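None of the values given here were measured: they were computed from a predicted structure.
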Amino acid sequence: MTPRPRKPSAETPAPPPPRTPEPDPDPAERPPAPTNAKSTKSAKSARKTPAQKAGRTAKATEAAKAARTAKSPRPARQAAAKTPPKSTPKPREAPVPVAPMTAVAASPVPEEDRVRLLEGTHHDPHGVLGAHPVPGGTAFRALRPYAKAVAVVAEDLRAELRDDGGGFFSAVLPLDAPPEGYRLRVTYEDAELEIDDAYRFLPSLGDFDLHLIGEGRHEELWKALGARPMTHQGVTGTRFTVWAPNARGVRVVGGFNFWDGTGFPMRSLGGTGVWELFAPSVGEGELYKFEITRPDGSKTLRADPLARRTETPPANSSVVHASHHEWHDAQWLARRAERPAHEAPFSVYEVHLASWRPGLTYRQLAEQLPAYVSDLGFTHVELMPVAEHPFGGSWGYQVTGFYAPTARLGTPDDFKYLVDALHQAGIGVLMDWVPAHFPRDDWALAEFDGRPLYEHEDPLRAAHPDWGTLEFDYGRKEVRNFLVANASYWCEEFHIDGLRVDAVASMLYLDYSREHGQWTPNTHGGRENLDAVAFLQEMNATVYRRNPGVVTIAEESTAWDGVTRATHHQGPGGFGGLGFGLKWNMGWMHDSLGYVSKEPVHRKHHHHEMTFSMVYAYSENYVLPISHDEVVHGKRSLVSKMPGDWWQQRATHRAYLGFMWAHPGKQLLFMGQEFAQGAEWSEAHGPDWWLLDPAYGAEADHRGVRDLVRDLNTVYRSEGALWQRDTDPGGFAWVEGDAAEDNVFAFLRHDEQGTPLLAVSHFAPVVRHGYRIGVPDEFAAWQEVLNTDEARYGGSDVTHPDPLKPEPVASHGRPASLLLTLPPLATVWLRPV
């Protein structure tokens, strides 16, 4: 007995519930019709044989009527297309009865091709399957495992193919050419369906795309590789393409073929290493993977490296996707390039999306996050890596789906909805981007086609010593293309305003975390990874050229020269700049946290740790980060780093934030630190929002810190002196940088017109009366605009409510001075009236 169609394997998901119809997409992205829906386009009549030209006789007509049988109901599709058409198509008219055409002969697949097709090692299945001219007519060949019968059908044609065994069917029909748009009617034991023959289509990827891929210069790689719903030669379906140059063969598997790829072999497109198959009627929402035959003949099942959507972890199949989101942020995009980031107000709220408010989806976050961030006055949010990752505890820093937002919180369009909502609220969106390494999961990128492909072929270069992951081979043009295009992808498809690039130092140095003998010098005998340098320069140049107003930010923890220098400007080390817009100031973070974590009585011995940052403050364009890395794994939360009792801890926390917002550079603060959360952050439960519950006894203490953060951002954005000249040494001047015994720091910031703002930080737990601070003498009075010791913030309320007039007493090298009362553990900002 002919076996029935194979049932889904254990990994085949249950059919998803029907979704609400969405707007009809652009024709280029229009989802295909369900698998068993017939084409609505009539095929042109095939060239008729002499018998057909003579017309149908009555006898033939009667024979045709007798041959007709009631059609078997078609099987329900495993995963229907997610987006139904706008209107219900008209029923197709009943076909005119035709007499079956008799085959001239069989045309079985040659034995060698047959074996290779069944073993999944054929590089050109389209050259064997489908329709091909042969002596005496046209040969039709099909590979339909588990089918009982296969027939070729067209407008006025029906011809049964001979069963050649093993799922192969063939026949030579007396036709000069195959009917345009012919289909296959496949009969199983209990079902019959009519489908387009996937092997009658020309390649759906153009020569120019292949040329760019081969050159490693395809800047829109996501439009060429992966799964793309489309209309090809008048038929809707999905184009599957994958780069696997070492593979002996590739087949696509999914719910649409019961996870058996035998009948879906892909073809190799020349020497590019790209494999392609246009699968008619496969539409949005279908799960799929690539079955790759390795060089040794073994097989591996892999997720699509360029999948634009994935299953929710721990499931790891790729999902066919086309976007239907309609953007409403044109006004935001039009003005974001008006001023470069290093000359604009730029204060960032860092968010781990999955735990900010645990359980919220992208769309639910869009209802809450923009309002919260707007209320606190931050200009940007930075989202910890949103690209798909298998282990949630990695916080997204071990990525397997570089082109897919994590499915944990919704679909790619849901993520676009969140970005759109933030933009409409006037908030820029940065995301962490991780091109430094990837995990070793055997269904993802590691030895993707049986050999090192995305990773370096040298095991010492490939293995990351710290994280048990693999490093990318930046010297391979296709890998570099994969990453450069990925950076542009997030900016262009998701309107991301900036990429914070993780772990740049681990990319730049060949000896990073490696002992002597574990690394090989570059061609010049140095430790610099020249391939990584070239990659970062290309990535930055490409992103800035294609996306005006976008900023790239390097997390680079060493003193590499020229991180934010232009790529065409060569530095003293002989390298052009890396081309980043901003760089995290890890030195400032480490030194300043070291200072404030000391008891006040000991701080005088560490005074230089707060002033040293100004020695190199203008060597790069800096961001001052208090990130997630500083409040986990035993490092304690920001307020818990501070010594003393609870009042002193909060006071020092507030004073430190005031010093940070006044210091040259941009600011970044991780969630939970804006209201002085005492516990370390955990991705399992997120911030301790209950601390802000009015029913909690100490709620006022935490609310006061949050109110301060709001006022810091408000004054910061209104005072150009705090941001206009962040990268100009002329915008800063020390007033008092040596008062170690007093634990006092005082400096002036100047705006573009030269108007100053005076910042004084006092890190001792005492009140200092009559403290003289030198100021310019051209201003008649100074007004306090922020004081972290105000009672409403939880302080002792030692303030200066009235304008202060400078005295003609020289101090700190200036002709005039102010007499201040310095509050305990506080920062005070003053500006001319």
Check: [X] ring centroid to [Y] ring centroid under 6.0 Å:
X	Y	result
W681	H352	yes
W584	H590	no
W588	Y622	no

Is it the case that the side chains of [Y] and [X] hold a donor-acceptor pair, with the cut-off being a distance below 3.5 Å and no angle test?
X	Y	answer
S347	Y716	no
D413	Y362	no
H423	D497	yes
Y349	E382	no
W395	E683	yes

Give the ring-plane orientation class for [X] versus [Y], where under 30° counts as parallel, over 60° as perpendicular and anything between as tilted.
X	Y	answer
H437	H464	tilted
Y372	W689	perpendicular
W690	Y696	perpendicular
Y489	Y403	tilted

Ignoring hydrogens, what is the shortest heavy-atom contact between W490 and P405? Give both atom names and the distance.
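Smallest heavy-atom distance, with atoms named: CH2-N, 3.6 Å.
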
List for me each residue that meets side chain to side chain donor-acceptor pair (under 3.5 Å) alongside [X], sequence neighbours excluded, and say none if there are none.
X	result
H380	none
Q649	none
D375	R710
S640	S637

Greater than 12 external heavy atoms within 6.0 Å of Q368's CD: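 Check passes, neighbour count above 12.
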
Applying salt bridge (charged side-chain N to carboxylate O under 4.0 Å, His left out), can you list everything that pairs with R335, at least two apart in sequence or on another chain?
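R335 satisfies salt bridge (charged side-chain N to carboxylate O under 4.0 Å, His left out) with no residue once adjacent residues are dropped.
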
Sorted by chain and number, sequence neighbours left out, ring-ring contact (aromatic ring centres under 6.0 Å, His included) with F402 holds for F472, F482

[Y]/[X] salt bridge by N-O under 4.0 Å criterion:
X	Y	answer
E556	K583	yes
R500	E555	yes
D329	R336	no

Distance col, row L638:CG vs E680:CD, nearest 0.5 angstrom, shows 12.5 Å

One should read off an interatomic distance between H663 NE2 and T827 OG1, to the nearest 0.5 angstrom, of 12.0 Å

Checking R363 against Y417: charged group under 6.0 Å from the ring centre and within 45 degrees of the axis? yes

* Evaluate the side-chain proximity of F391 to Q398: yes if any heavy-atom separation is below 4.5 Å, no if none is. => no

